[in-house]
S.K.: 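Structure below; questions to follow.
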Number of protein chains: 2
Amino acid sequence: MKESKTTGEILREEREKKGLLLRQVAAMLDIDTAILSKIERSERKASKEQIIKLAEILELDEEDLIVQFLSEKILYEIKDEELGSKALKAAEQKMKYNNKNNS
Amino acid sequence: MKESKTTGEILREEREKKGLLLRQVAAMLDIDTAILSKIERSERKASKEQIIKLAEILELDEEDLIVQFLSEKILYEIKDEELGSKALKAAEQKMKYNNKNNS
DNA sequence: TTTATTTTGACAATAAGTGTCAAATATAAT
DNA sequence: ATTATATTTGACACTTATTGTCAAAATAAA
């Protein structure tokens with residue numbers, strides 16, 4: 001069974017579907033080709049601004065791509081943590097709790 | 001209704017319960033008093049190593065304190081994000097999904 | 001008021017993130 | 001096989017965050 005796609009994999013797939021070159025997309029983002037190459041292979045993380053531009057360039061749903069990007073960022077924080085799963089659940093609880101009492 | 005406690009609040013409460021001074025606990029942690037003061041007021045974040053030492057010094061359950069610490073770290077990542085809640089849920093999903101396929 | 005504790009803010013050192021560039025590698029076309 | 005184009009890699013530089021020290025200011029306790 002296949003794992004869920006990384007942001008990089010999504011970006012590469014869509015770029016290739018559109019027949020765009022790294023060079024071309026990198027130019028639109030105003031960064032070096034090397035960085036985009038690294039982003040697509042998950043060697044580096046994109047910034048939020050880059051993600052937004054990429055959604056536009058590749059005609060991906062912006063909200064979906066941001067959620068994808070943020071969730072990856074969250075998982076990165078706890079990737080080596082044994083208690084990561086518990087921490088995630090605790091975070092959700094706190095978020096609920098705090099929302100309830102502010103809104 | 002009171003919000004859930006921050007790590008800093010927990011640490012301060014427990015330190016005061018034990019009648020320990022910032023100076024004393026900071027010395028045990030081998031950091032300056034100023035930093036511990038800032039940690040307790042959530043002006044700075046403790047490192048994981050410091051959290052572990054603090055659990056021991058203050059006789060708090062280590063696992064609980066780490067979960068508290070990590071969940072705060074996660075929430076910090078998404079604190080200004082409109083899509084934070086969706087991202088958290090997505091992260092949980094991915095975590096489940098990946099666990100299922102590796103273990 | 002004196003003494004002890006805590007807080008604040010300026011600063012320094014280090015680590016992490018973000019980018020450029022050029023050379024190496026891989027892919028595609030002649 | 002050669003050439004041309006695209007991608008990857010790694011060394012380096014620049015910038016921003018993080019983590020700490022120190023000393024002075026503020027607060028609290030004797």
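Chain A is the first sequence line, chain B the second, and so forth, proteins listed ahead of strands; every chain is numbered from 1.
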S.K.: Rounded to the nearest Å, what distance is computed from the CD atom of residue A:Gln24 to the C1' atom of nucleotide D:dT7?
M.R.: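 Answer to the nearest Å: 13 Å.
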S.K.: Are the side chain of B:Asp61 and the backbone of B:Asp64 linked by a donor-acceptor contact shorter than 3.5 Å?
M.R.: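 Yes; judged by distance alone, with no hydrogens or angles, the pair exists.
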S.K.: From the options D:dG10, D:dA6, D:dG20, select the nucleotide whose nearest atom is closest to the side chain of A:Leu21.
M.R.: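 Among the listed nucleotides, the one closest to the side chain of A:Leu21 is D:dA6.
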S.K.: Just so I know, are the side chains of B:Glu63 and A:Lys86 near enough to count as touching, which here means a heavy-atom distance under 4.5 Å?
M.R.: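 Yes, at least one pair of side-chain atoms sits under 4.5 Å.
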S.K.: Report the distance from atom NZ of A:Lys73 to atom P of C:dG17, rounded to the nearest whole Å.
M.R.: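 One finds 11 Å between P of C:dG17 and NZ of A:Lys73, rounded.
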S.K.: Between D:dA6 and A:Arg12, is there an OP1 or OP2 to side-chain N/O distance shorter than 4.0 Å?
M.R.: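 Negative; the distance criterion is not met.
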S.K.: Does a side-chain N or O from A:Ser37 land closer than 4.0 Å to OP1 or OP2 of D:dT8, or not?
M.R.: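 Indeed, a polar side-chain atom of A:Ser37 lies that close.
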S.K.: Which nucleotide, C:dT20, C:dT8, D:dG20, lies nearest any side-chain atom of B:Arg41?
M.R.: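 The nucleotide sitting nearest to the side chain is C:dT8.
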S.K.: Of all the nucleotides listed (C:dT7, D:dT8, C:dC21), which has the minimum atom distance to the side chain of A:Asp32?
M.R.: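 That would be C:dC21.
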S.K.: State whether a side-chain donor-acceptor pair under 3.5 Å links B:Gln68 with A:Lys94.
M.R.: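 A donor-acceptor contact under 3.5 Å links the two side chains.
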S.K.: Using the side-chain heavy atoms of A:Arg44, tell me which of these nucleotides is nearest: C:dT7, C:dT18, D:dT9.
M.R.: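 Among C:dT7, C:dT18, D:dT9, the one nearest the side chain of A:Arg44 is C:dT18.
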S.K.: If you look at every strand shown and take non-hydrogen atoms under 4.0 Å, does B:Ile35 touch a base, only sugar-phosphate, or nothing?
M.R.: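 If one applies the 4.0 Å heavy-atom cut-off, B:Ile35 turns out to touch a base.
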S.K.: In terms of side-chain heavy atoms of A:Leu22, which of D:dG10, D:dA23, D:dT7 is nearest?
M.R.: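 Nearest to the side-chain atoms of A:Leu22, counting from C-beta on, is D:dT7.
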S.K.: Reading DNA chain C from 5' onward, which residue's closest nucleotide shows up sooner: A:Ile39 or B:Leu20?
M.R.: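 Closest to the 5' end, via its nearest nucleotide, is B:Leu20.
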S.K.: Which of the following nucleotides, C:dG17, C:dT6, D:dG20, is nearest to the side chain of A:Lys45?
M.R.: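 For A:Lys45, the side-chain atoms sit closest to C:dG17.
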S.K.: Measure the distance from CD1 on B:Ile31 to C1' on D:dT18 and round it to the nearest whole Å.
M.R.: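 The distance from CD1 of B:Ile31 to C1' of D:dT18 comes to 14 Å, rounded to the nearest Å.
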S.K.: For a 4.5 angstrom cut-off between non-hydrogen side-chain atoms, does B:Glu81 reach A:Lys48?
M.R.: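 B:Glu81 vs A:Lys48: side chains touch.
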S.K.: What's the CD1-C1' distance between B:Ile51 and D:dT19, to the nearest Å?
M.R.: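 The answer, rounded to whole Å, is 15 Å.
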S.K.: Counting side-chain heavy atoms from CB outward, which of C:dT8, D:dT7, D:dT9 is closest to A:Glu43?
M.R.: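 Side chain of A:Glu43 sits closest to D:dT9.
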S.K.: Check whether the side chains of B:Gln24 and B:Lys18 place a donor and an acceptor atom closer than 3.5 Å, and report yes or no.
M.R.: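 No.
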S.K.: Answer with base, sugar-phosphate or nothing: what part of the nucleic acid does A:Gln50 contact at a heavy-atom distance below 4.0 Å?
M.R.: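 Sugar-phosphate contact only - A:Gln50 comes under 4.0 Å of backbone atoms but never of a base.
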S.K.: Starting at CG of A:Asp30 and ending at P of C:dT18, how long is that distance when rounded to a whole Å?
M.R.: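 Distance check: A:Asp30 CG to C:dT18 P gives 16 Å.
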S.K.: Ignoring hydrogens and angles, are the base of C:dG19 and the side chain of A:Lys38 linked by a donor-acceptor pair under 3.5 Å?
M.R.: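 Flag unset: no donor-acceptor pair detected.
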S.K.: Whole Å only: how far is the CD atom of B:Glu16 from the P atom of C:dT5?
M.R.: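 Value for this atom pair: 14 Å.
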S.K.: Between atom CD in B:Glu40 and atom C1' in C:dT7, what is the gap in whole Å?
M.R.: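 Atom CD in B:Glu40 sits about 12 Å away from atom C1' in C:dT7.
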S.K.: Give one of base, sugar-phosphate or nothing for A:Arg23, where a contact means two heavy atoms less than 4.0 Å apart.
M.R.: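 Counting heavy atoms under 4.0 Å across all strands, the contact made by A:Arg23 is with sugar-phosphate only.
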S.K.: Can a salt bridge be assigned to the pair B:Glu56 and B:Lys53 using a cut-off of 4.0 Å between side-chain N and carboxylate O?
M.R.: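 B:Lys53 and B:Glu56: not salt-bridged.
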